[in-house]
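As structure tokens, the structure follows; a few thoughts come after it.
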Amino acid sequence: MNATRLPVLMYHRVGPPHARESSGKSVATERFSAQLRLLASAGYRGISAADALDWLLGHRTMPEGSVLVTFDDGYADLVDCAAPTLAALKWPAAVFLVTGKLGGTSDWSTPAHQLLDPAAIQALGRSGFSFHAHSHTHPDLSTLPAHALQHELQVCRAALDELELDSRLLAYPYGQHSPAVVEAARQAGYSAAFTTRSGFNQQGDDPFLLRRLDVFGTDSPAALLHKVALGTNDGSRRARARYLTQRLAVRLGHRQP
Ligand SMILES: [Zn+2]
């Protein structure tokens with residue numbers, strides 16, 4: 001049966017925690033492994049970004065329980081800290097690259113971390129990862145004048161094409177977008193783009209306003225399972241209880257869905 005909704009997980013860095021880093025942007029290696037293994041044991045299955053895009057555009061069906069795992073920024077730690085878990089589960093994953101910084105560091109964040117270089121990208125590409133656009137230098141696209149906006153999106157696409165990577169998908173840096181950014185992305189030839197708004201994705205949704213669930217370093221595996229079931233960034237017990245209460249109220253006819 002065709003799935004009615006697609007949850008997309010948004011990770012940033014997976015690896016050893018850094019003292020000066022917020023738990024929002026970094027998930028420890030063991031926690032990442034435990035999170036995905038619990039999802040798998042609950043019946044979820046990772047799908048590729050290409051299959052997700054085809055489903056979103058109505059070109060194919062997709063089994064219920066499909067989930068897309070994404071990583072923003074392209075940290076070098078993915079090789080040792082995320083890839084082994086994904087390989088063990090045979091789950092593909094999508095990485096959004098900052099094409100002007102490959103092999104460099106994430107100098108837009110504190111602390112800065114090492115980023116994947118082209119050789120590591122090619123190696124991961126052979127083990128189920130796909131690579132997509134996250135701009136050329138990681139600016140807030142919604143603040144750029146028109147020519148700079150076009151430049152960021154076009155140069156990034158061209159760099160991905162040069163490396164024979166999938167340049168159809170974009171993730172807006174910081175999740176920041178505006179009608180002008182969406183239009184520029186369309187003009188630059190992208191097919192779809194991810195925001196940081198939470199929720200599920202459904203067939204027929206605007207492909208340039210796709211939603212993702214933010215995974216925090218503080219999310220226990222059970223909390224992540226709740227997030228994926230509820231389509232919310234709040235994986236707490238209270239959110240779960242509220243959701244079940246609402247469902248019950250709807251079923252008893254007390255409230256409209
Ligand atoms: Zn980013």
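Reckoned from all heavy atoms, side chains included, excluding hydrogens, waters and symmetry mates. Whatever order the structure lists ligands and atoms in, that order sets their numbers, starting from 1.
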Q.
Going by the rule side chain to side chain contact (heavy atoms under 4.5 Å, CB included), which residues pair with S142 if we only count those two or more places apart in sequence or in a different chain?
A.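 S142 satisfies side chain to side chain contact (heavy atoms under 4.5 Å, CB included) with D140, Q176, S178, V181 once adjacent residues are dropped.
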Q: Report, as a single number, the protein N, O or S atoms less than 2.8 Å from the Zn ion (ligand 1).
A: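 Of the protein's nitrogen, oxygen and sulfur atoms, 3 lie under 2.8 Å from the Zn ion (ligand 1).
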Q: Taking atom types as modelled, find out whether N2 and W55 have a side-chain donor-acceptor pair closer than 3.5 angstrom.
A: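 N2 vs W55: donor-acceptor pair found between side chains.
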Q | Side-chain H-bond candidate by donor/acceptor type, D77 with Y75, under 3.5 Å | A |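 No donor-acceptor contact under 3.5 Å links the two side chains.
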Q | Residue among Q35, R31, E30, R37 satisfying side-chain hydrogen bond (donor to acceptor under 3.5 Å, both in side chains) with S33 | A |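 Among Q35, R31, E30, R37, the one meeting side-chain hydrogen bond (donor to acceptor under 3.5 Å, both in side chains) with S33 is R37.
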Q: Apply side chain to side chain donor-acceptor pair (under 3.5 Å) to S130 and list each qualifying residue two or more places apart in sequence or on a separate chain.
A: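 By the side chain to side chain donor-acceptor pair (under 3.5 Å) rule, S130 matches H132.
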Expected list for residues 114-124: side-chain donor-acceptor pairs under 3.5 angstrom, two or more places apart:
{"from": "Q114", "atom 1": "NE2", "to": "G103", "atom 2": "O", "distance (Å)": "2.9"}
{"from": "Q114", "atom 1": "NE2", "to": "G104", "atom 2": "O", "distance (Å)": "3.2"}
{"from": "D117", "atom 1": "OD1", "to": "A119", "atom 2": "N", "distance (Å)": "3.2"}
{"from": "D117", "atom 1": "OD1", "to": "A120", "atom 2": "N", "distance (Å)": "2.9"}
{"from": "Q122", "atom 1": "NE2", "to": "L163", "atom 2": "O", "distance (Å)": "3.4"}

